[in-house]
Amino acid sequence: MPGDFGPQPHLDPEDWQEFRRESHRALDQMIDHLQGIREQPVWQPAPAAVLQKFESALPHEPGDLGAVVDQFNALIKPYSTGNLHPLFMGWVHGAGTPVGMVAEMLAAGLNANCGGRNHIGLAVERQIARWSAELFGFPERSSGLFVTGTSAANLLAMLVARNAAVDRVRERGLAQAPQLTAYASAEAHECLVRAAEIAGIGSHHLRLIPVDAEGAMRTERLADAIADDRRAGLQPFMVGGTAGTVNAGAFDDLDGLARLCRAEHLWFHVDGAFGALCALAPSLRHRLCGIERADSIAFDFHKWAHVPYDAGFLLVRDADAHRRTFSNPAAYLSRAPGGLAAGEVWPCDLGMDLSRGFRALKTWFTFQVFGADRIGACIEHTCRVARHLEALLIQSGLFEICAPVALNIVCFGLKTCGDGALNKQIVLDLHARGIAAPSTTVLGGRPVIRAAIVNHRTTEGDMEVFCEALCSAVRRVLAAQMNPPLPERGRVPMAS
Ligand SMILES: *Cc1c(COP(=O)(O)O)cnc(C)c1O
């Protein structure tokens, strides 16, 4: 028979009917998991026997999809981060949504490469950029790009600012330029420090400006630092304001920063990883006053908007400045006037990645299904829950609040706790029991407990459960202090 080349290896199902059954079963099980998430422990560590399964060698023989799904259910699903659970309050994590899961599955089905070329994925991403511009009062033709997260978006923003500040820095590097300096508050996220390192500015040249009692940058100190650096012959080029600090949810005075940056001819960037999404919440929007005059904004759809990880975003007011930082002029030669290789600006001209997934789709689904107002209402709700927790903690008499509760983050500690070591132990106890998962952070040099209420599932009632759990953790930790476990017999306790 002509054209009969015999059997060919391929990766599609041998039996589509069976594949359909198994994949529907997997989806149903995941939906059950999400529906029953409250009944699960917040977190549990994977036992040694489970971890050992992940040390086996590369499989060469085919396995059965159903069996691998069973393995996933037994070995992976129970030992995940915990951020789906309403009593997860660690760091600032998004909780995801079932809708986002479906969108992510559809995106994987399309397997689009959103680095470039002429396909609908790029139009969806451009729409998200326009929605973001609308949200923050940016011009409609601002430039936007999905990235992994705000860490990456902050770095890209610094590179755009650097490119705008130093003539031909892409070709010549920084050697001939005066030393650049950038500014952020002492409460800014550490990824800005890392960005300064990676961008060749050097972490010492990211000046960390002191904050006020609320945790906001003291703008007058910023003006002094800029003047000092100019006098010393350095070249200030960028200010990174924070909208929502991780420690206390504090907002820098963005309006004041915008004015100062305009006067000083500095690039004004805003790290709004989660706080920028206050733009969705009518009662919180005013805190962002001035963000509409920023040159760039970094934020995450995967935090307060609960788009599944990862979905960071960079918005740049001056689209040309953005493109000039990353695009390769030669790349335009390969662009066609039509067909699949058409298009003027591709996402790969706006960042570091050539191949990139379809992050826009899950974001598009999230906004289409819930609407911006509902997401904003969930954001407002988390702030109400945080205030309820604050009230309960004060009522308990055991705890003191360690930073003003300005938003959705409550930092607190055991009263009369000395160096704060007990705070850490309380958190360890709660994690180990899988009851609740706050994290710790350091405030004024002392470890404190931090509950960041981000999850749309968390209720005021959960905070009452959390408070009871905290009180019993305190009792256990104090009891263990009074009666430390005896060293094992025959062993000399080691000095630590
Ligand atoms: C979470 C966060 C970041 C880092 O964002 P990733 O998405 O984790 O990279 C930066 N800044 C602030 C204020 C954050 O809350």
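Read the numbers this way: they start at 1 and go in the same order the structure lists the ligands and their atoms.
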Subject >> Full working for side-chain contact (heavy atoms from CB on, under 4.5 Å) between L206 and Y183 >> reply: CA-CA 5 Å; L206 175 71; Y183 307 82; 5.7 Å; no
**OP:** May I have the step-by-step check of side-chain contact (heavy atoms from CB on, under 4.5 Å) for W267 and S296, ending in yes or no?
**Re:** CA-CA 8 Å; W267 187 276; S296 53; 2.8 Å; yes
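No part of W91 comes within 4.0 Å of ligand 1, judged by heavy-atom distances. Contact annotation for A188 and ligand 1: no heavy atom of the residue comes within less than 4.0 Å of the ligand. Under 4.0 angstrom from ligand 1, the non-hydrogen atoms of D300 all belong to its side chain.
No side-chain heavy atom of L254 sits less than 4.5 Å from a side-chain heavy atom of C289. Side-chain contact between S143 and L350: present, with at least one pair of heavy atoms (C-beta onward) separated by less than 4.5 Å. Using a 4.5 Å heavy-atom threshold, the side chains of C411 and I409 count as touching.
Contact annotation: V246 has at least one heavy atom less than 4.0 Å from an atom of ligand 1. The shell of residues lying under 4.0 angstrom from ligand 1, judged by heavy atoms, excludes G312.
For ligand 1, one of its N or O atoms has an N or O atom of H302 under 3.5 Å away. Ligand 1 has a nitrogen or oxygen under 3.5 angstrom from a nitrogen or oxygen of T150.
No donor-acceptor pair under 3.5 Å is formed between the side chain of T366 and the backbone N or O of G100. Of the possible donor and acceptor atoms, none in the side chain of H456 sits under 3.5 Å from a partner among the backbone N and O of G94.
Atom 11 (N) of ligand 1 has its closest protein heavy atom at D271 OD2, 2.7 Å. Given atom 13 (C) of ligand 1, the protein heavy atom at minimum distance is G244 O, 3.5 Å. Given atom 4 (C) of ligand 1, the protein heavy atom at minimum distance is S151 OG, 3.6 Å. The protein non-hydrogen atom at the shortest distance from atom 10 (C) of ligand 1 is H189 CG, 3.3 Å. With respect to atom 2 (C) of ligand 1, the closest heavy atom belonging to the protein is K303 NZ, 2.3 Å. Of the protein's non-hydrogen atoms, A273 CB, 3.2 Å is the one closest to atom 12 (C) of ligand 1.
Around the CZ atom of R170, the shell of radius 6.0 Å holds more than 12 heavy atoms that belong to other residues, nucleotides or ligands.
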